[in-house]
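Below is one structure; the comments refer to it alone.
Sequence lines set the chain letters: A, B, ... in the order given, protein chains first and strands last, and positions in each chain run from 1.
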Amino acid sequence: MEELHLPPIDYAAIAPLLLVFGAGCVGVLVEAFVPRAWRYRVQVPLLLAGLVAALIALISVADKRVSTAGGALAIDGPALFLQGGLVALGIVSVLLIAERRVERGGAFVAQASVVAGTDSDRRQSSQPGATEVYPLTAFALGGMMLFCAANDLVTMFVALEVFSLPLYLLCALARRRRLLSQEASVKYFLLGAFSSAFFLYGVALLYGFAGTMSFTGLREAAAEAGSEDTLLFLGIAMLSVGLLFKAAMVPFHVWTPDVYQGAPTPVTGMMAACTKLAAFGGILRVFTVGFADINLDWEPILIAVAIATMLVGAVMAVTQTDIKRLLAYSSIANAGYVFTGVLALSEEGVAGTMFYLVAYGFTVLAAFAVVTLVRDADGEATHLSRWAGLGRRSPLFAGLFTVLMLAFAGIPLTSGFTSKFAVFSAALGADQVTLVIVGLISSAVLAFPYLRVVVLMYLSEPAEDTPTVSLPGVFTSLALVIGLVATIGLGVVPGPVLELAEQASSFIG
Amino acid sequence: MADVTTGEQIVFWILAPVALGGAIGMVAARNAVHSALFLVCTMLSLGVFYVVQAGAFIGVVQVIVYTGAIMMLFLFVLMLVGRDASDSLIEVLRGQRMAAIVLGIGFAGLTATGLARGLGEVETEGLEAVNAVGNVPAIAAELFTHYVFAFEITSALLITAALGAMVLAHIERRKGERLTQRERSRARFAPGNYPAPKAGPGVFATSDSVATPALLPDRTIAERSLTDVVRIRELTAAEARPKGTDRR
């Protein structure tokens with residue numbers, strides 16, 4: 001028998017990945033060996049240092065375009081750009097997760113295993129939150145970074161599971177309204193496992209069709225097959241179910257509002273920003289590298305999915321009375337806009353999509369940061385009626401939230417406008433006129449709930465029980481400032497980032 | 001279907017109904033233990049299929065990991081939770097069960113016909129080539145060359161799973177919260193505490209529910225027979241009327 005040779009691995013190219021996973025592993029060791037009182041003070045700097053180091057490593061390998069580890073990983077332009085976006089958004093998420101000033105002990109429960117509502121649960125209500133969330137966050141972010149770089153279906157599936165499992169756990173760890181949080185986690189877990197099964201079945205069928213797992217191999221096999229092969233199309237369909245579920249596209253969006261509402265708000269922010277970015281990273285690679293040549297066969301169905309996503313997300317957002325559910329439906333509609341960029345199937349589309357994901361991520365994280373601040377005695381006051389008159393109580397935060405809402409609505413000089421412009425113009429360039437028209441209609445509909453919140457905050461009299469806006473701690477303030485600067489900065493001078501995205505828009509393989 | 005031997009066909013036609021019946025039985029069975037055993041049937045049949053189809057390694061893994069480890073874990077959990085913890089059969093969403101059955105059958109039909117069309121005339125190829133060095137070495141070669149990174153990164157999954165189990169299931173008692181046997185005994189016989197067990201509920205000809213207070217010899221209510229959980233209340237006429245549960 002011939003000897004096995006480990007394929008050459010370009011460790012410099014995957015250093016960012018290894019740094020994030022390494023931070024997670026060290027975090028687990030910290031949980032095991034560092035005294036409880038010190039864990040928070042060790043975990044937060046550790047994770048932030050890991051992410052910053054990963055960002056530096058990414059910048060230093062920014063010009064690399066290699067396929068490494070036996071072709072399993074493609075460290076190309078989109079992978080590096082998306083990984084950079086993930087790390088940057090991850091840092092902001094970690095800032096929100098680490099906040100302990102706004103709520104005593106942080107947004108996470110001290111011991112999730114204590115039965116909700118019992119005496120011991122009430123006793124732990126003022127104890128500092130679990131510090132296991134930091135290694136879990138590191139693993140989730142690492143998995144997402146791997147998902148964007150995975151160049152074959154097996155690696156992609158493993159990455160999908162690596163980033164999903166910590167998210168299921170994080171969803172269950174809210175300090176307040178614990179039953180709601182646990183319900184959200186169970187729903188997300190069951191549906192997520194179901195969608196992973198679809199993904200895996202799709203992988204099996206595609207392997208049966210092509211005899212290879214790599215996207216380049218799939219493309220070559222698909223180009224020869226013509227439009228007759230059932231295995232190929234069943235495989236693409238199943239694979240899409242798994243991917244569209246993670247990106248929360250209609251009709252696989254049903255979990256989104258419940259999970260976004262139940263999960264601790266910092267985790268919701270992370271899911272809306274980072275998970276969405278990672279999911280679209282995978283979608284971009286699958287459809288642009290794997291199946292771009294046979295696009296006529298699958299495009300009509302996915303166009304229908306995109307249209308349904310944009311319309312359902314926007315219309316449902318109008319009817320919401322809870323700010324977290326409103327943002328959840330808005331994130332569904334936004335997934336539809338991002339998808340128009342994917343369906344352009346051009347380098348311009350890839351660049352627009354990536355720009356949109358990063359810009360949207362910063363805005364949505366800042367929006368959820370404001371949500372964590374509006375509180376009353378029972379925790380966050382998320383019902384919209386409680387936000388009435390907030391503009392008179394706390395003009396600064398209401399103003400900040402207004403800017404974010406205007407960015408979501410796509411007003412010029414905010415990142416919402418430039419990013420929508422980027423994806424829609426790419427879609428127009430690819431003659432997807434229907435998509436653009438539906439996108440514009442949907443944006444107009446979606447502007448209504450955003451502006452309703454703004455009107456509610458300014459034009460209503462504050463009631464007796466209007467909640468107060470808590471003074472943010474250093475971490476949340478930093479996250480808010482970063483989010484706001486990115487939202488306005490990417491709106492006024494989108495050039496540098498857009499250029500970076502354009503330079504990074506070609507896949508290898 | 002060129003090179004399917006008679007033996008393989010016989011195995012298939014015997015075990016396929018077993019596997020399918022097990023899967024349906026698993027969903028349909030009311031009793032959780034029956035469900036688990038049906039699932040074992042399906043898993044074992046699948047294991048045999050894999051072995052028959054020249055995938056010796058995956059067949060053995062199927063039996064050891066799924067039938068052995070996972071199903072045993074499943075049964076342990078059932079034993080801990082209690083066998084008769086049956087599902088509630090209330091439909092929260094109206095018509096959901098029916099819609100699920102229709103859509104499920106529709107999806108299964110679509111996939112099955114699609115696969116039958118796609119695989120009906122496929123010649124198996126390359127099986128001898130990949131198994132030339134033996135099934136296990138061939139898988140090892142793939143695992144440690146092409147998929148080495150995926151293989152290594154699975155460790156992140158395992159660490160997450162272990163961490164998750166700790167976070168969701170382990171209650172850590174701090175010093176001071178943990179009482180020793182000595183402290184418990186002292187507390188039990190300390191002044192002001194009644195060391196004997198509490199009195200049970202009253203058992204009378206008219207009622208023996210847990211909410212019925214026990215009576216002391218002087219016909220006053222024994223306070224210690226009342227629970228905090230169940231409050232004493234009078235039944236309304238509608239609640240007290242016979243429910244017809246004794247008739248079949």
Side-chain angles (χ1 to χ4, degrees), chain A residues 1-2 4-7 9 14 17 21 24-25 28 31 36 68-73 111-114 120 123 130 132-133 135-136 139-140 142-143 146 150 152 154-159 161-162 165-166 168-169 172-173 182 185 201 205 208-209 211 213-214 229-234 237-238, chain B residues 58 93 103-104 107 110-122 124-127 129-130 132-134 136-177 228:
Chain A
M1 187 189 148
E2 64 190 298
L4 286 187
H5 290 289
L6 193 69
I9 295 177
I14 62 169
L17 266 174
F21 279 120
C25 291
V28 174
E31 282 302 311
R36 182 182 299 276
T68 184
L73 295 176
Q111 292 202 24
S113 43
V114 174
S120 36
R123 270 202 299 281
E132 283 90 351
V133 295
L136 287 177
F139 284 128
L146 179 62
D152 65 54
V154 170
T155 312
M156 194 169 233
F157 178 71
V158 173
E161 291 301 307
V162 168
L165 205 56
Y168 302 146
L169 287 165
L173 300 182
Q182 287 168 0
S185 173
Y201 201 35
L205 292 181
F209 160 74
M213 297 276 191
S214 79
D229 211 300
T230 334
L231 274 190
L232 172 65
F233 296 112
L234 267 180
M238 301 251 185
Chain B
I58 193 164
L93 303 170
L103 286 177
F107 178 73
L110 204 63
T111 317
T113 47
L115 284 183
R117 247 186 73 191
L119 292 174
E121 280 139 32
V122 168
T124 51
E125 69 173 48
L127 203 55
V130 292
V133 290
V136 179
I139 288 177
E142 281 292 300
L143 212 52
F144 293 108
T145 55
H146 279 130
Y147 302 119
V148 67
F149 196 78
F151 177 74
E152 297 285 349
I153 223 68
T154 316
S155 59
L157 207 57
L158 294 178
I159 297 173
T160 310
L163 200 59
M166 290 292 283
V167 168
L168 291 185
H170 176 65
I171 298 182
E172 206 170 325
R173 303 243 177 258
R174 306 191 180 180
K175 267 185 201 151
E177 279 183 28
D228 301 338

If you take all heavy atoms of [X] and [Y], which pair is closest and at what distance?
X: A/D152; Y: A/G71; result: OD2-O, 4.4 Å
X: B/L163; Y: A/E132; result: CD1-CG, 4.1 Å
X: B/F144; Y: A/L6; result: O-CD1, 3.5 Å
X: B/H146; Y: A/A72; result: O-CB, 3.7 Å

- Message: So does A/Y168 get a backbone contact from the side chain of A/S185, meaning a donor-acceptor N/O pair under 3.5 Å?
- Response: yes

- Message: I need the A/M156 CE to A/L73 CG distance, nearest 0.5 Å.
- Response: 11.5 Å

Could you look at [X] and say if it's the side chain, the backbone, both or neither that has a heavy atom under 4.5 Å from chain B?
X: A/Y201; value: side chain
X: A/A69; value: both
X: A/M238; value: side chain
X: A/V162; value: both
X: A/L169; value: side chain

Would you mind checking which part of [X] comes under 4.5 Å of any heavy atom in chain A, side chain (CB onward), backbone (N, CA, C, O), both or neither?
X: B/H170; value: backbone
X: B/V167; value: both
X: B/A132; value: neither
X: B/T111; value: both

- Message: For B/I159, run the side chain to side chain contact (heavy atoms under 4.5 Å, CB included) check against A/V28, A/L136, A/L165 and tell me which one passes.
- Response: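 It is A/V28, the one option of A/V28, A/L136, A/L165 that forms the side chain to side chain contact (heavy atoms under 4.5 Å, CB included) with B/I159.
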
